Amino acid sequence: MPVINSMPEEEHSNYIVLNAIRTALLATVQVSLTPNVIEKFKSDVLDRVKQDKFEHLLMDLSGLELMDFDEYQKVCQVMGMVSLMGVQPIIIGLRPGVVASLVEHDIGKINYTIALNIEDAFAKINLNMN
Amino acid sequence: MQTHEYDIHNESSFQLALLHIKGVSTEFGFNEIQTAKFLTVASELARNILKYAVKGRLIVTQKWDRGRSGLELMAQDNGPGITDINCAMKDNFSTGGSLGQGLPGSNRLVDEFSISSDVGNGTQVRALLWL
């Protein structure tokens, strides 16, 4: 039997990295979307969007190895919130396993723009990096 | 028969259990998609334990049957139980304020799925994914 030690959730909290790329805010998610992580993320994203007037939120989920239905709902909440502020959300880098699970949950159709990777996302919003 | 058991009582124990189950799944031989499916079911069931029963446990066991092998996941709790399992297995049914996709979605992610529940005494969910 493995012995599992408890780990403070706060250690996870700072790993959604936000980077400004011209008119887009890139959010790189590398950790599970626990309640603390998602609440901090919502707050940080809304502050940055209001402060810097971004046109797009690029949500890079390539670091997520699984996304259960609850986490999917949380992601949708963030997307919905920024949409209400006039920002176009784009989901980037869903892994094959995550996609397979979402489809089995009957979430095969997502009403947001999806991109394979960051370059694909830039192309979709005509963001020229040169 | 190798068995791994995880107490689920808060968000940290939940996340650590998933982390360890990921290692077990990979070591067992599941590919990326199978691992993601198995972990997603573990996550849904652990989340249900925290939401409805406050605490419980996940048990992962290797299984063999007629030349094939798989991983079995048991989620056990002593919570309020499920009054109507048939309703709980329907899409969009929920008593917990969610969209009610967790159990039916989990059912579709694995090869075998069953629930037994005793109202007032707890619930046991069994999920099995063959290699």
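Below, read A as the first sequence line, B as the second, and so on, with proteins coming before strands; counting in each chain starts at 1. What you are looking at is a predicted structure, and each value in this text was computed from that prediction instead of being measured.
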Is there a chain of hydrophobic side chains (I, L, V, M, F, W, Y, each step under 4.5 Å between heavy atoms) that links [X] to [Y]?
X        : Y        : value
A:Val45  : A:Tyr112 : yes
A:Val87  : A:Met81  : yes
B:Leu131 : B:Ile33  : no
B:Ile8   : B:Ile59  : no
B:Leu39  : B:Trp130 : no

Closest heavy-atom pair and its distance - [X], [Y]:
X        : Y        : result
B:Arg108 : A:Glu104 : NE-O, 2.5 Å
B:Glu32  : A:Pro96  : OE2-CD, 3.7 Å
A:Ser101 : B:Ala36  : OG-O, 3.8 Å

What distance do [X] atom [atom1] and [Y] atom [atom2] have between them, rounded to the nearest 0.5 Å?
X       : Y        : atom1 : atom2 : result
A:Asp70 : B:Arg47  : CG    : CZ    : 4.0 Å
B:Leu45 : A:Asp68  : CG    : CG    : 10.0 Å
A:Phe69 : B:Ser106 : CZ    : OG    : 11.0 Å

Give a yes-or-no answer on whether the side chains of A:Ser32 and B:Gln15 include a donor-acceptor pair shorter than 3.5 Å.
yes

Please identify which of these residues, B:Thr35, B:Val41, B:Thr40, meets the side chain to side chain contact (heavy atoms under 4.5 Å, CB included) condition with A:Leu66.
B:Thr40

Please indicate whether A:Lys42 has more than 12 foreign heavy atoms, meaning atoms of other residues, nucleotides or ligands, lying under 6.0 Å from its NZ.
yes

